[in-house]
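Reviewing the structure listed below.
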Amino acid sequence: MNGSFFKDILEQEIHSVFLNPAEFAARMTVDGLETVGILDENVKPASAFYAAEVETWGLHQREASLSVPSTGEGAVPRPSPRQEMDVDGEVWTVRNVAEQHGLLVISLFMNEG
């Protein structure tokens, strides 16, 4: 088995299992684009993350990891850090982005309070 074959199979599995609404993903709208993905969110105090490039204000900073397709049907264009993204009507700010095997994993934050 060569590396290219493995990568192709892995990307196929990501689309057919991980990003499948019948398995793990949910249908969602990202910046007006109908797609599927996984939004994994938690709440932690803003004091847990201070950095010069991140503006923290308010009592809490919501954080989430968004996994969406980068290729194929419903592909989401790769955002830039500090770009705002609308995910199902909520506006988040992009902290960073990683692309792996046809999947964008986007770290998001939103200030509340």
Side-chain angles (χ1 to χ4, degrees):
M1 177 185 313
N2 66 35
S4 177
F5 177 75
F6 177 75
K7 288 178 184 178
D8 292 343
I9 295 298
L10 181 59
E11 187 170 328
Q12 181 182 359
E13 288 294 310
I14 286 171
H15 284 271
S16 65
V17 178
F18 187 68
L19 291 176
N20 182 343
E23 297 285 342
F24 300 106
R27 297 192 187 288
M28 61 178 55
T29 303
V30 176
D31 288 340
L33 174 69
E34 295 294 324
T35 189
V36 294
I38 298 172
L39 182 67
D40 184 17
E41 182 181 351
N42 62 62
V43 178
K44 59 186 354 182
S47 62
F49 185 87
Y50 279 108
E53 72 276 1
V54 177
E55 299 159 359
T56 55
W57 49 267
L59 298 176
H60 289 91
Q61 184 177 88
R62 290 172 58 192
E63 296 188 27
S65 175
L66 176 65
S67 300
V68 290
S70 64
T71 62
E73 186 177 337
V76 173
R78 184 185 181 113
S80 301
R82 300 187 57 82
Q83 175 182 328
E84 289 188 343
M85 293 187 80
D86 182 312
V87 180
D88 286 337
E90 290 192 304
V91 179
W92 294 85
T93 302
V94 175
R95 178 168 285 139
N96 58 49
V97 182
E99 188 168 357
Q100 302 171 339
H101 311 291
L103 186 68
L104 286 178
V105 179
I106 307 167
S107 176
L108 300 168
F109 72 94
M110 173 192 306
N111 292 305
E112 288 191 327

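The structure presented is a predicted model; accordingly, all values stated were derived computationally and were not measured.
Linking Ile, Leu, Val, Met, Phe, Trp and Tyr residues whenever their side-chain heavy atoms come within less than 4.5 Å places Val87 and Val94 in a single cluster. Residue Phe18 is not grouped with residue Leu66 when hydrophobic side chains (ILVMFWY) are merged at heavy-atom distances under 4.5 angstrom, including chains of intermediate members.
At least one donor-acceptor pair closer than 3.5 Å links the side chain of Gln83 to the backbone N or O of Ser80.
Put simply, OG on Ser65 and CZ on Arg95 are 11.5 Å apart, with the number rounded to the nearest 0.5 Å. His101 contributes atom NE2, which lies 4.5 Å from atom CG of Leu10 (distance to the nearest 0.5 angstrom).
Remark: Glu90 engages Arg62 in a side chain to side chain donor-acceptor pair (under 3.5 Å) (not counting sequence neighbours). Under the side chain to side chain contact (heavy atoms under 4.5 Å, CB included) criterion, His15 pairs with Glu11, Leu19, Pro69, Thr71, not counting sequence neighbours. Listed by chain and residue number, Ala22, Glu23 satisfy the side chain to side chain contact (heavy atoms under 4.5 Å, CB included) test with Asn20 (two or more places apart in sequence, or in another chain).
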Check: So Val68 and Ile106, side chain to side chain contact (heavy atoms under 4.5 Å, CB included) or not? Walk me through it.
Finding: CA-CA 8 Å; Val68 290; Ile106 307 167; 4.1 Å; yes
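Pairs passing the salt bridge (Lys or Arg N to Asp or Glu O under 4.0 Å) check and including a residue from residues 66-79, sequence neighbours excluded, read Arg78-Glu99.
A heavy-atom distance below 4.5 Å is found between the side chains of Leu104 and Val97. Counting only heavy atoms from C-beta outward, the side chains of Met110 and Thr93 never approach each other to under 4.5 Å. Between Leu108 and Leu39, the closest side-chain pair of non-hydrogen atoms falls below 4.5 Å.
Across Trp92 and Phe109, no two heavy atoms sit closer than the pair CE3-C, 3.6 Å.
Members clustered with Val91: none, using a 4.5 Å side-chain heavy-atom cutoff among hydrophobic residues.
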Name each donor-acceptor pair under 3.5 Å that joins a side chain in residues 30-38 to protein atoms two or more places apart or in another chain, with its distance.
unit_1, atom_1, unit_2, atom_2, d
Asp31, OD1, Asp86, N, 2.7
Glu34, OE2, Thr29, OG1, 2.9
Thr35, OG1, Gly74, O, 2.6

